[in-house]
Amino acid sequence: MAREKKKSPQQEQLTTEAIEVFGAREHNLKNIDISIPKNKLVVFTGVSGSGKSSLAFDTIYNEGQRRYMESFSAYARQFIGDMERPDVDKVLGLSPVISIEQKTTNKNPRSTVGTITELYDFLRLLYARIGEAYSYNTGKKMVKFSEEEIVDNIFKKYKNKKITLLAPLVRGRKGHYRELFEDIRKKGFVKVRVDGEVKDITPRMQVDRYKTHDIEVVIDRLQVTDDMKVRLSQSVQQTLKSGKDLMFLLVQDGKTAKNGSEDGGLLTQYSKQLMCEETGISYEEPSPNSFSFNSPYGACPTCKGLGAVYTVSMEAILPDHNLSIKDGGIAPLGEEREAYMYRNVEQLAKKYKIKLDKPIKDLPPASLNLLLYGNEQGETEEIIDYDEVAAAGPYEGEFEGVVPMLKRWFAGGNSSESIREWVEQFMELKTCPTCNGTRLKKESTWFKVDEKNIAELSNENLDKLMVWFGGIEKRLSNKQNVIAKDILKEIRERLQFLLDVGLTYLTLNRPTRTLSGGESQRIRLATQIGSQLQGITYILDEPSIGLHQRDNHRLIHALTNLRDIGNSVLVVEHDKDIMMAADHLVDIGPRAGKHGGQIISSGTPAEVVKTGIGTAQYLSGKKSIAIPAERRPGNGKFLELKGASGNNLKDVSVKLPLGKLVLITGVSGSGKSTLINETLYPILSKHAYNSRVTPMPYKTVKGLEHVDKVIEIDQSPIGRTPRSNPATYCGFFTEIRTLFASVPEAKIRGYNAGRFSFNVKGGRCDMCEGGGMRVIEMNFLPDVYVHCEKCNGKRYNRETLEIRYKGKSISDVLDMTVDEACEFFEPVHYLYRKIKVLQDVGLGYITLGQSAVTLSGGEAQRVKLATELAKKDTGKTFYILDEPTTGLHFQDIQHLLDVLNKLVERGNTVLVIEHNLDVIKVADHIIDLGPEGGDGGGRILFEGTPEQMIKNKESHTAKFLKIEMGL
């Protein structure tokens, strides 16, 4: 019998029906082997920190990326850099990988939903090719003349009249133009029209170089009669050529011009470009760039395409009208002191008899204007309208004025960054008055398709935009349909993908920096579905973040669609619906950190549920978060906000009970973040800390006296540098260093707290500079990270490590887990309290010095939560949390609720924006917004307890809450 030939690794890759991982040891993974079926929807779950991301991203994705990089030549790799090989024996059956993570969204203010999905690019193309131009003066449709049509129009309008054909050469520019006049004379022309006056060209002719001029050359002068038609046609051709497709027609009306000649009369404009027949204004031929706010051809000239401008804030400049100028009544001047600017003000006050020790409110408006705006405006009897666009201007006159000075420093290119930052505290960002936030120049918004301009379409919710594009062919001409056929197909496809992942409420002009992690991830998911690639391994990190239960089916449909076209979809997820919809479920645990990193169970969701261990207990209902026997009554006080109307809020009034756990719920895009993060939080922040954050529009607020401190814990990422760790981020590492500096041996040696910092020279290891690891460059191979041989990964030099507190060096303390540190520092109360909070939020397994880059998303969020909770509350503190269950397993949610309940029991108010039903069902008070997202939301549907809420017929949240509560 012939001996079977052994397969090569390459052949194994081709024949395997699964992605097989052998010996994965990345981070806390315990040398695991796992087989993951291909072309299936596979969900990884488990408690936070159990090793899900280590397996999915740090092992499978990184190995796939590394292999792709190795396909490049050695020459190319030296410019790109090589990827580190993950700690795994081998991975078989791996196809090309694409990661869709919770990456921080683009913070560029020019980036919008339309630009990142490329939908706006197709819209720009559509408007450039089939858009119809309208005059911004008359609103009438603009026309485009050919040379023949211009001649016919002149004959029709000005038969038998004397006309002068003028070619514009200079429009609104300064200069003496001696060379231009000489050039015109050499070409044989004898007359020019300068600033409305026809003159003969003379040798060495020139105009005032410091004035603005309009100069046209006189091409021909004739009477419009039938026998002059050929000459007129030739002259029009010559005029348009000289004037670059633009010409002026001076029609004599019998009146005399300035110089006494008969050259006065009616001036008419003709253009081969788009032109308004009545007013003569013309537009340039549109191109896609004409509709781009990131291009100088389309951007609003005032705000440069940003849609907002910095304006001087008089509230910041005059914070208290009861103060005198000497006491700091004009904030930029400050209190009386020896400073050049202040001395200038004193001289001005002396000259104009202004009393600097008089309260601002008692100063005459003319005197205040003089100080604020300088000499020229000093005599005004009313205070000038301060809301002006910031612009740099030359400094002229005796006293510039405070406001012009701030504008000059803010806009001036010579100002240092520190000066600009100082000036910025006296400015506020407002919608651009020129473009009203459209970001585009005036002409661009007067091109329309089916009576709508591009800015109006960008402001529509995506579901309404889809309806508008649905039957647009019926409303277009045959010519427009032929041109737009392919563009419309692309737009509709891309819109449909975004609707499929539940983003119906977004608009194309929504800045990407305002998107949540889940929203930006679903946009990238929609883009990938649109690419229609096959044979890819997609890895997603909690795509359900920020998605209401009602829209889960849309996300599941999008994921299965990606799978059905021939891809493997691996999802790290905690959502029950997505777990049960998976083809294959992998539960990793049993606990977090060093107590995790093992496969507990794996198989179909039904097979995993049968095991009855780990996550299966929550999926089967054996374990669940208990509903409290009774709801807290609160302290009887309220915070009442009336008339909130920011974004899509429809004049919302809400009454928040204090001393309770309050939940803000509603479908994605219903207005939760606008109401709380952008309206309520800035109001509270201004009240508690005199913050300058401007809230969204509202009418009144009552009850602020019941709150003296506000803490917001949002989804903004924490700083994740390799040197950052829980001890440094939470702020107690400084106290640990101070403690070590107080040890007698440290005092004898003269060591201060800085000696124990691994970021400062002196106490740290010189070889690795406090990093604990050294990078060995391997040229054409990936860089290798090894423990520093001098300090053996301890970060500090020998002398620093000799200082011991209770037998432990500073390095030993950084290697302690939070649980160990709690026990060790229990006698040091001020330290113990801060470390204990990390333990309370379920992070007892991480080490104090663990690099922040190795923390999972859920861990990083809880480190941030612990940092805020460690601060002393006052019993009147108002906590605002935005989806704190991000990255948390069922088991971890219980830890979180225990911490939040402790805060409420101490008399504080905890307000949580949340979609998670486990948190909603334990709330004392629920405020539900909706009923839909975007324009269909922005109303308060319900206020009350969960038991009362499930009776509400209009609320989508109520339907799912009723099922969750088993009622």
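Side-chain contact check for D195 versus K211: every heavy-atom pair is 4.5 Å or farther apart. Using a 4.5 Å heavy-atom threshold, the side chains of Y210 and K174 count as separate. Two residues are said to be in side-chain contact when any heavy atoms from C-beta on lie closer than 4.5 Å; L488 and F469 meet this criterion. Taking 4.5 Å as the limit, some side-chain heavy atom of P286 sits within range of a side-chain heavy atom of L274. Contact check for L499 versus D463: side-chain heavy atoms found under the 4.5 Å cut-off. Two residues are said to be in side-chain contact when any heavy atoms from C-beta on lie closer than 4.5 Å; P433 and V309 meet this criterion. Taking 4.5 Å as the limit, some side-chain heavy atom of E285 sits within range of a side-chain heavy atom of K144. Taking 4.5 Å as the limit, some side-chain heavy atom of T138 sits within range of a side-chain heavy atom of C276.
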> What do the steps show when you test E473 against R492 for salt bridge (Lys or Arg N to Asp or Glu O under 4.0 Å), and what is the final call?
Replying inline: CA-CA 12 Å; E473 283 88 351; R492 278 196 282 253; 2.5 Å; yes
> Does the pair L649 and M696 meet the rule for a side chain to side chain contact (heavy atoms under 4.5 Å, CB included), with working shown?
Replying inline: CA-CA 10 Å; L649 294 179; M696 286 276 188; over 6 Å; no
> When you look at F293 and T112, which way does the side chain to side chain contact (heavy atoms under 4.5 Å, CB included) test go after all the steps?
Replying inline: CA-CA 11 Å; F293 44 79; T112 65; 4.0 Å; yes
>> Pair T507, N509 - check side chain to side chain donor-acceptor pair (under 3.5 Å), show working.
In response: CA-CA 5 Å; T507 59; N509 68 351; 2.8 Å; yes
>> Would K489 and E493 count as a salt bridge (Lys or Arg N to Asp or Glu O under 4.0 Å) here? Give the steps.
In response: CA-CA 6 Å; K489 177 175 173 284; E493 277 185 6; 3.5 Å; yes
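Scored by the ring pair (Phe, Tyr, Trp, His ring centres under 6.0 Å) test, Y136 finds Y283 as partners (sequence neighbours excluded). Remark: K448 engages no residue in a salt bridge (charged side-chain N to carboxylate O under 4.0 Å, His left out) (not counting sequence neighbours). With sequence neighbours left out, R475 forms a side chain to side chain contact (heavy atoms under 4.5 Å, CB included) with D450, W468, I472. The salt bridge (charged side-chain N to carboxylate O under 4.0 Å, His left out) check on K699 picks up D651, with sequence neighbours excluded. For E149, there are no salt bridge (charged side-chain N to carboxylate O under 4.0 Å, His left out) partners two or more places apart in sequence or in a different chain. Listed by chain and number, the residues in a ring pair (Phe, Tyr, Trp, His ring centres under 6.0 Å) with Y505 amount to none (sequence neighbours excluded). Among residues two or more places apart in sequence or in another chain, the side chain to side chain contact (heavy atoms under 4.5 Å, CB included) test is passed with K686 by E315. For D214, there are no salt bridge (charged side-chain N to carboxylate O under 4.0 Å, His left out) partners at least two apart in sequence or on another chain. In this structure T700 satisfies the side chain to side chain contact (heavy atoms under 4.5 Å, CB included) test together with K642, sequence neighbours excluded. A search for side chain to side chain contact (heavy atoms under 4.5 Å, CB included) contacts involving S287 returns N289, S290, not counting sequence neighbours. Residues satisfying the side-chain hydrogen bond (donor to acceptor under 3.5 Å, both in side chains) test with T117, not counting sequence neighbours, are none.
Taking CZ of R939 as the start and CG of L929 as the end, the distance is 10.0 Å to the nearest 0.5 Å. If you take CD1 on I330 and CD1 on I317, they are separated by 8.5 Å, rounding to the nearest 0.5 Å. Separation of atoms CD1 (I523) and CG (L119) is listed at 10.0 Å; rounding is to 0.5 Å. A distance of 6.0 Å separates CG of L506 from CG of L515, quoted to the nearest 0.5 Å.
Here the options are N481, L476, I483, the test is side-chain contact (heavy atoms from CB on, under 4.5 Å), and the partner is K479; only I483 passes. Considering M247, R171, R193 as possible partners of E216, the one that fulfils the side-chain contact (heavy atoms from CB on, under 4.5 Å) test is R193.
E284 CD: 12 or fewer foreign heavy atoms inside a 6.0 Å radius. Sparse packing is recorded around NZ of K241, with 12 or fewer heavy atoms of other residues, nucleotides or ligands lying under 6.0 Å away.
The heavy-atom pair separating A308 from C303 by the smallest distance is O-CB, 3.6 Å.
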In residues 120-130, what donor-acceptor pairs under 3.5 Å come from side-chain atoms, sequence neighbours left out?
from	atom 1	to	atom 2	distance (Å)
Y120	OH	F291	O	2.7
D121	OD1	R124	NH2	3.1
R124	NH1	P288	O	2.8
Y127	OH	K452	O	2.6
Y127	OH	N453	O	3.4

